[in-house]
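First the structure, in the form of structure tokens, and then the observations on it.
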Amino acid sequence: MMELQQLEQLQKEVRRAKRIASERAGELHDLVEDRLPAAFEELPIMAKACYDACQRWASLNEQLTALEVS
């Protein structure tokens with residue numbers, strides 16, 4: 001069984017990943033609201049960064065959920 005310290009570390013990583021995903025989503029939102037269509041070339045890069053951040057959060061959160069259930 002996972003030690004309490006390891007579980008707490010994973011919880012911290014999930015919170016951090018969620019914060020980063022939220023920041024990337026905010027940056028993407030700002031691009032769409034304030035700078036399109038002029039800054040359209042930034043869209044794929046920012047969308048990929050947002051997607052990757054959300055994917056990382058989802059993966060970590062899935063691990064955490066599985067540990068908390070078991």
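Along the sequence shown, the residues carry numbers beginning at 1.
To the nearest 0.5 Å, atoms CG (Asn61) and CZ (Arg15) are separated by 11.5 Å. Rounding to the nearest 0.5 Å places CG of Leu28 at 13.5 Å from NZ of Lys48. Atoms CD1 and SG, from Ile20 and Cys50 in turn, are 12.0 Å apart once rounded to the nearest 0.5 Å. The structure places CG of Leu36 at 11.5 Å from CD of Glu41, a figure rounded to the nearest 0.5 Å.
No option in Lys18, Arg56, Glu8, Gln63 other than Arg56 meets the side chain to side chain contact (heavy atoms under 4.5 Å, CB included) test with Glu13.
No continuous path of hydrophobic side-chain contacts links Ile45 to Tyr51 [ILVMFWY only; heavy atoms under 4.5 Å]. Tracing side-chain contacts under 4.5 Å through hydrophobic residues (I, L, V, M, F, W, Y), one reaches Leu7 starting from Val14; they form part of the same cluster.
For Ala17 against Leu60, the heavy-atom pair with the smallest separation is CB-CD1, 3.8 Å.
Judged by distance alone, the side chain of Gln6 and the main-chain N or O of Glu3 form a donor-acceptor pair under 3.5 Å.
Inter-residue side-chain proximity for Arg24 and Met46 is flagged as unmet; no heavy-atom pair is nearer than 4.5 Å. Here the side chains of Asp30 and Arg35 are not in contact, with every heavy-atom distance at 4.5 Å or above.
Comment: Glu23 engages Arg19 in a salt bridge, judged by a side-chain N to carboxylate O separation of less than 4.0 angstrom.
Counted within 6.0 Å of CD on Gln5, heavy atoms from surrounding residues, nucleotides or ligands total 12 or fewer; the atom is thus considered open.
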